[in-house]
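The structure appears right after this line, and notes come after that.
The first residue in the sequence is number 1, and the count goes up from there. The structure displayed is predicted, hence computed values, not measured ones.
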Amino acid sequence: MTIQVEHNDEFFMRRAMELAAKAEGEGEVPVGAVVVHNGQVIGEGWNRSIGQHDATAHAEIMALRQAGKVLENYRLLDTTVYVTLEPCPMCAGAIVHSRVGKVVYGADDLKTGAAGSTMNLLSYEGVNHHVGLVSGVLADECRAQLQAFFKRRRAEKKAAKQLAKQQAENNDSIE
């Protein structure tokens with residue numbers, strides 16, 4: 001179920017983008033998420049899978065965990081999750097199980113998006129809770145943040161490969 005963009009959606013998405021920048025600073029894929037209840041941020045998260053050696057440490061999961069502690073309940077009724085990238089199947093499932101009211105995301109994930117791009121688990125017919133959805137909030141900015149990260153990472157890998165090749169050539173010429 002698609003819902004209209006609200007006036008504060010961009011405000012909270014910008015906070016999610018700040019958190020995504022934190023993830024990038026830690027060498028993680030730059031995805032950030034916030035959980036909002038009654039106009040207040042009650043949970044924040046950014047990708048930490050690499051640093052925590054935890055496949056479940058996605059931005060949304062981290063934010064949901066914090067929000068649950070704040071509300072002292074795993075059911076996050078009447079909350080909104082703002083996330084810079086469309087949730088994956090794991091995160092979408094956690095959002096449904098948490099009974100989140102709405103998800104607002106920035107960039108589509110055309111490979112693993114589970115909020116409409118490749119599948120929609122947020123309003124899957126067979127589940128007992130359906131989550132409202134707003135997509136494309138600050139999409140260009142969110143997409144640019146991700147693309148810049150991957151462009152830089154590819155350049156770093158290419159440079160490392162070239163350096164290794166040069167070192168191997170230098171070692172061969174010494175022998």
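Ion pairing between Glu28 and Lys22 fails under the 4.0 Å rule for side-chain N and carboxylate O. Arg153 has no carboxylate O lying under 4.0 Å from a charged side-chain N of Glu156, or vice versa, which leaves the two without a salt bridge.
With Thr118 contributing its side chain and Gly113 its backbone, the two residues share a donor-acceptor pair below 3.5 Å. No donor-acceptor pair under 3.5 Å is formed between the side chain of Glu60 and the backbone N or O of Ala33. A donor-acceptor pair is defined here as one N or O able to donate and one able to accept, closer than 3.5 Å; no such pair exists between the side chain of Asp108 and the backbone of Leu110. In this structure, His129 contributes its side chain and Val100 its backbone to a donor-acceptor pair below 3.5 Å. Distance alone, capped at 3.5 Å, places no donor-acceptor pair between the Asn47 side chain and the Ala23 backbone. Although no hydrogens or angles enter the test, the distance criterion places a donor-acceptor pair under 3.5 Å between the side chain of Thr84 and the main chain of Gly32.
The two atoms that bring Ala55 and Met90 nearest to each other are O-CE, 3.6 Å, heavy atoms only. Of all heavy-atom pairs between Cys142 and Gly106, the closest is SG-CA, 3.9 Å. Of all the heavy atoms in Val41 and Phe12, the pair that sits closest is CG2-CE2, 3.7 Å. Scanning all heavy atoms of the two residues, the minimum distance from Leu122 to Ala115 falls at CD1-CB, 3.6 Å.
To the nearest 0.5 Å, atom CG of residue Asp140 and atom CZ of residue Arg143 are 5.0 Å apart. Annotation: the span from Ser98 atom OG to Leu64 atom CG amounts to 4.5 Å, rounded to 0.5 Å. Atom NZ of residue Lys102 and atom OG1 of residue Thr79 lie 10.5 Å apart, to the nearest 0.5 angstrom. Expressed to the nearest 0.5 Å, how far CG of Leu77 lies from NE2 of His37 amounts to 7.5 Å. In this structure, NE2 on His130 lies 10.5 Å from CG on Leu121, to the nearest 0.5 angstrom. In this structure, CE in Met17 is found 11.0 Å from CD in Glu24, a value given to the nearest 0.5 Å.
Using modelled atom types, one finds a donor on one side chain and an acceptor on the other under 3.5 Å when comparing Trp46 with Glu26. Counting only N and O atoms by type, the side chains of Thr56 and Asp54 include a donor and acceptor under 3.5 Å apart.
Each of Leu146, Leu19, Asp109 was compared with Val31 under the side chain to side chain contact (heavy atoms under 4.5 Å, CB included) criterion, and only Leu146 meets it. Across Val137, Asn8, Val103, a single residue satisfies side chain to side chain contact (heavy atoms under 4.5 Å, CB included) together with Tyr82, and that is Asn8.
Taking 4.5 Å as the limit, some side-chain heavy atom of Asn128 sits within range of a side-chain heavy atom of Arg99. Taking the side chain as every heavy atom from C-beta outward, Phe149 and Arg152 approach each other to under 4.5 Å. Within the 4.5 Å cutoff, the side chain of Val35 has no heavy atoms near those of the Gln66 side chain. At a threshold of 4.5 Å between non-hydrogen side-chain atoms, the residues Val104 and Val81 do not count as touching. Side-chain contact between Glu44 and Arg15 is present, with at least one heavy-atom pair separated by less than 4.5 Å.
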Requested in this report: Apply side-chain contact (heavy atoms from CB on, under 4.5 Å) to Gln162 and Lys158, showing your working.
Outcome: CA-CA 6 Å; Gln162 287 175 336; Lys158 184 177 180 180; 3.8 Å; yes

Requested in this report: Give the C-alpha distance, both sets of side-chain angles, the deciding distance and a yes or no for side-chain contact (heavy atoms from CB on, under 4.5 Å) between Asp78 and Asn38.
Outcome: CA-CA 8 Å; Asp78 302 318; Asn38 294 330; 5.6 Å; no

Query raised in the report: How far apart are the C-alpha atoms of Cys88 and His58, what are their side-chain angles, what is the distance that settles it, and do they pass the side-chain contact (heavy atoms from CB on, under 4.5 Å) test?
Result: CA-CA 9 Å; Cys88 72; His58 287 197; 3.6 Å; yes

Query - Verdict with reasoning, Met62 to Gln52, per side-chain contact (heavy atoms from CB on, under 4.5 Å) - result: CA-CA 11 Å; Met62 304 304 281; Gln52 292 192 359; 3.7 Å; yes

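In the hydrophobic cluster analysis, where Ile, Leu, Val, Met, Phe, Trp and Tyr join through side-chain heavy atoms closer than 4.5 angstrom, Val70 is grouped apart from Tyr74. By the rule that hydrophobic residues join a cluster once side-chain heavy atoms approach within less than 4.5 Å of another member, Val83 and Phe150 end up as members of one cluster.
The environment of CZ in Phe11 is sparse: at most 12 heavy-atom neighbours from other residues, nucleotides or ligands sit within 6.0 Å.
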